[in-house]
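Scroll down for the structure; my scribbles are underneath it.
Naming convention: chains lettered A, B, ... in sequence-line order (proteins, then strands); numbering from 1 in each chain. Atoms considered below: every heavy atom in the structure, side chains included; atoms not considered: hydrogens, waters and symmetry mates.
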Amino acid sequence: MLDVKFIRENKDIVAAGAKKKRIEVDLDRLIALDDKRRELQAKIDEKRAEQNAASNAIATARSDAERQEIIARMQDVKETLRLEEESMQEILKEWRSLMVQVPNIPDISVPEGDSDADNKEVRRWPAQSGVEGGEPVKFDFEPKSHTELLLLHDMADYERGAKVSGFRGYFLKNDGARMVWALERFVQDRFADKGFTPMIVPSLVRREAFIGTGYLPQGEDDLYKTQDGEYLAGTAEVATMGYYMDETLDKNDLPLKFFSFSPCYRREAGSHGKDAKGIFRIHEFLKYEQVVLCEASHEESARLHEEITANAEELLQELGLPYRVVINCGADLGLGQVKKFDVEAWMPSEKKYRETHSSSYFHDFQTRRLNIRYRGEDGALRYAHSLNNTALATPRILCQIVENNQRPDGSIAIPKALQSCMGKETIDHGPGNR
RNA sequence: GGAAGGGUGGCUGAGUGGUCUAAAGCGCAUGCUUGGAGAGCAUGAGUCGGGGAAACUCGACCGCGAGUUCGAAUCUCGCCCCUUCCGCCA
């Protein structure tokens, strides 16, 4: 949410930002409503002042007659006030619904574009991995897809997954399960000394934190909802951001960095047909997320954004997965995001880079909604800034790991970083896998 | 799921219809005092919104939301959360 004063004073900037994001919002309507809101508020305040004065006069009145006279007079004021408050309610209802639709302003460096096809590559690793369109990994055989490879080694069972869990359901078995556990251990270790606070956070989360992070009210269709009214979070970001809701932070503690784990649930409404097979796009998965709260400075947000992006890149490098970083275009940004990098690892079977991490910052868009503040050096309260990026999402990353490490005979070389935890160097047809 | 009791400022806690403009204590800040600290004394201090150059001033905020009333921290209703006990349970 933006400050309504800022919207009033910078209508053109806000409008241009919304246009860049391809989001429709009626700012003129909002500002007209805000005028009415302010005008009405002044009237209501005036009546209240009158009431307060009368209330004192009644309490200190010397006679009953005097008292009755004031009460009779105040009955009219009460009626007028009631009508004004009623119209205030109506105005506020529409005002609020428009306010939560106003998108945050994208950074100047965000490219124009209509869809993720317009995202721009920023860098790739290894740096020498070919020109645009070139393949970073050459196979002298036809590489199998992750769907096939996981099935071949009995690492996953999609059919029984669907039988038990429904569409996009899956079981991970044998080295599929072991690799997820090894990856968890791997990412836990790598984040142990980076100054992040490890947390296991709720997936079952109440509405407020979804509104606060910007997933609601727009994303209702993307979320599972319980019969008690909570929602299942699609990322640990929601609960982690909710952690300090309505609190004032100590400036000396900033930046606060969290390494948050949770199961994640996504309805993937509207994604039918996309990635329908395998474990790339699923309803239920596990994710370690980086969440950061910092002081209200663009430079600090930008610096930490690079830092959490670099953290993700380090992991992919150690796993030996070729990747690229793209800057997301305006249309591919969420409501509250100022700027976003997606990190995409190479998928040989598709000859494409596919997303493994998503790194973004929000300035005070989320913290204003969540009411997370800190006291600045000048004593003033400010909304903190917030950022987040994936640390590691499983089982998606298995897709790129098995595809990039496959050999002509179908066996899979296990990345060095996972070998000790998995207790071997190769996945082939052996005991426990067939 | 059942029963009972609660939710008041940074904290403890008083307040059951009208100067509540929220007592008191603790803690905090500043000053006096001191060689320094403590104690003591004095003063001050919340958040959000409106008006104002400012001093200041008006309004809102006692878990949240509705209602009763000229007037609500206080009464009524709904919801949320906490505590204790019972039940269930990894």
Side-chain angles (χ1 to χ4, degrees), chain A residues 1-9 30-100 200-212 216-217 225-231 238-239 242-253 262-263 296 364-384:
Chain A
M1 177 138 53
L2 296 177
D3 186 350
V4 71
K5 266 194 251 169
F6 179 87
I7 298 173
R8 294 178 70 100
E9 289 162 14
L30 175 61
I31 290 170
L33 269 174
D34 196 52
D35 287 340
K36 273 197 213 164
R37 181 187 68 89
R38 291 162 70 123
E39 191 185 315
L40 203 49
Q41 187 64 53
K43 279 189 189 172
I44 289 171
D45 283 354
E46 206 175 291
K47 298 273 186 318
R48 287 262 168 76
E50 195 180 335
Q51 266 189 346
N52 289 342
S55 194
N56 283 345
I58 290 168
T60 55
R62 277 169 304 182
S63 70
D64 255 11
E66 191 183 340
R67 199 169 286 128
Q68 289 311 318
E69 191 262 321
I70 303 171
I71 289 174
R73 184 156 50 79
M74 291 317 289
Q75 261 156 359
D76 287 345
V77 174
K78 183 195 181 181
E79 181 57 16
T80 316
L81 187 57
R82 192 183 65 80
L83 293 173
E84 284 173 352
E85 282 179 334
E86 258 172 35
S87 42
M88 188 64 153
Q89 291 289 327
E90 277 171 44
I91 288 167
L92 272 181
K93 196 177 163 199
E94 192 184 347
W95 183 87
R96 287 199 194 97
S97 89
L98 280 175
M99 277 296 284
V100 295
I200 297 174
V201 309
S203 300
L204 198 58
V205 176
R206 296 166 59 179
R207 194 176 167 83
E208 291 76 41
F210 284 93
I211 301 272
L216 285 176
K225 189 177 184 179
T226 72
Q227 64 266 47
D228 296 322
E230 303 94 351
Y231 296 81
V238 181
Y243 188 75
Y244 284 116
M245 187 162 56
D246 293 321
E247 294 192 33
T248 302
L249 308 173
D250 189 334
K251 184 175 186 293
N252 297 320
D253 294 337
S262 82
D364 61 4
F365 187 89
Q366 295 186 316
T367 52
R368 184 183 301 277
R369 291 182 173 204
L370 289 163
N371 191 28
I372 300 174
R373 298 177 298 175
Y374 70 94
R375 200 170 290 281
E377 266 144 17
D378 57 358
L381 286 166
R382 291 206 178 78
Y383 293 106

Same-atom distance (P) from B:U34 to B:U12, integer angstrom: 38 Å
Starting at CE of A:M88 and ending at P of B:G49, how long is that distance when rounded to a whole Å? 14 Å
Side chains of residues 65-73 of chain A: which donor-acceptor partners sit under 3.5 Å, not counting sequence neighbours?
from  : atom 1 : to    : atom 2 : distance (Å)
A:E66 : OE1    : A:R62 : N      : 3.4
A:R67 : NE     : A:I58 : O      : 3.2
A:R67 : NH1    : A:D64 : OD1    : 2.8
A:R67 : NH2    : A:A61 : O      : 3.2

Sequence neighbours left out, what passes side chain to side chain contact (heavy atoms under 4.5 Å, CB included) with A:I200? Give chain and number order. A:F261
I'd like to check the side chain to side chain contact (heavy atoms under 4.5 Å, CB included) partners of A:D3; sequence neighbours left out, ordered by chain and number. A:K5, A:F6, A:R368
If I pick the P atom on B:C11 and the same atom on B:A23, what distance separates them, to the nearest angstrom? 16 Å
Residue list, side chain to side chain contact (heavy atoms under 4.5 Å, CB included) with A:R206, at least two apart or on another chain: A:E208, A:E230
Using the P atom as the point on both nucleotides, what is the distance between B:C82 and B:A24, in whole Å? 33 Å
To the nearest Å, how far apart are A:R8 CZ and B:G50 C1'? 12 Å
List the residues meeting side chain to side chain donor-acceptor pair (under 3.5 Å) with A:R38, not counting sequence neighbours, and say none if there are none. none
As a test of understanding, state which of A:L81, A:L83, A:V77 forms a side-chain contact (heavy atoms from CB on, under 4.5 Å) with A:E79. A:L83
Count the heavy atoms of every other residue, nucleotide or ligand shown that sit under 6.0 Å from NZ of A:K47, and state whether that count exceeds 12. yes
Counter-base of B:G67, judged by Watson-Crick or G-U geometry with both distances under 3.5 Å: B:C75
Taking a pair as Watson-Crick or G-U wobble with both distances under 3.5 Å, which nucleotide is matched to B:G46? B:C61
I'd like to check the side chain to side chain contact (heavy atoms under 4.5 Å, CB included) partners of A:K225; sequence neighbours left out, ordered by chain and number. A:E220, A:Y231
Say you pick atom C1' in B:U21 and the same atom in B:C58; how far apart are they, in whole Å? 13 Å
Between P of B:C79 and CG of A:D228, the distance in whole Å: 14 Å
Take the protein atom CG of A:N56 and the nucleotide atom C1' of B:U21, then report the distance between them rounded to whole Å. 9 Å
Would you mind telling me which residue lines up with the more 5' stretch of RNA chain B, A:K5 or A:Q89, judged by nearest nucleotide? A:K5
Pairwise P distance, B:A3 and B:G78 [rounded to whole Å]: 13 Å
Using atom P in both nucleotides, what's the gap between B:G38 and B:G5 to the nearest angstrom? 47 Å
State, with a plain yes or no, whether a side-chain heavy atom of A:D34 is found less than 4.5 Å away from one of A:M99. no
Send over the distance from A:D246 CG to B:G10 P, rounded to a whole Å. 13 Å
Both distances below 3.5 Å, Watson-Crick or wobble geometry, any strand: find the nucleotide opposite B:G5. B:C82
Expressed in angstrom and rounded to an integer, what is the separation of A:E66 atom CD from B:G71 atom P? 19 Å
When we call it a touch if two heavy atoms are under 4.0 Å apart, what does A:E39 touch: a base, just sugar-phosphate, or nothing? nothing
Could I get the full list of ring pair (Phe, Tyr, Trp, His ring centres under 6.0 Å) partners for A:Y374, not counting sequence neighbours? none
Span that lies between the P atom of B:G6 and that of B:C26, in whole angstrom: 28 Å
G-U wobble or Watson-Crick pairing nucleotide for B:A24 (cut-off 3.5 Å, both distances): B:U12
Comparing A:R206 with A:A59, nearest RNA chain B nucleotide closer to 5' gives the residue A:A59
With sequence neighbours excluded, tell me which residues meet side chain to side chain donor-acceptor pair (under 3.5 Å) with A:R382. A:D378
Any residue of residues 68-84 of chain A with a heavy atom less than 4.0 Å from an atom of RNA chain B: A:I71, A:M74, A:Q75, A:K78
Can you check nucleotides 46-48 of chain B for protein contacts, nitrogen or oxygen pairs under 3.5 Å, and list what you find?
from  : atom 1 : to     : atom 2 : distance (Å)
B:U47 : O3'    : A:R373 : NH1    : 3.2
B:C48 : OP1    : A:R373 : NH1    : 3.3

When the P atoms of B:C32 and B:U16 are compared, how many Å lie between them, rounded to an integer? 42 Å
Nucleic acid contacts - residues 41-54 of chain A versus RNA chain B, non-hydrogen atoms under 4.0 Å: A:D45, A:R48, A:A49, A:Q51, A:N52
Figure out the CG/P separation between A:D34 and B:G49, and round it to whole Å. 12 Å
Would you mind checking if A:R8 and A:D35 are paired as a salt bridge, meaning a charged N to carboxylate O distance below 4.0 Å? yes
Partner of B:C89 by Watson-Crick or G-U wobble geometry, both contacts under 3.5 Å, or none? none
Output for pair (A:D246 CG, A:N371 CG), nearest 0.5 Å, gives 5.0 Å
Tell me, please, which residues at least two apart from A:Y383 pass ring pair (Phe, Tyr, Trp, His ring centres under 6.0 Å). none
Applying the Watson-Crick and G-U wobble criteria at under 3.5 Å, what pairs with B:A54? Answer none if nothing qualifies. none
Whole-Å distance between B:C64 P and A:I211 CD1? 19 Å
Can you tell me the pairing partner of B:A39 across any strand shown, Watson-Crick or G-U wobble, with both distances under 3.5 angstrom? none
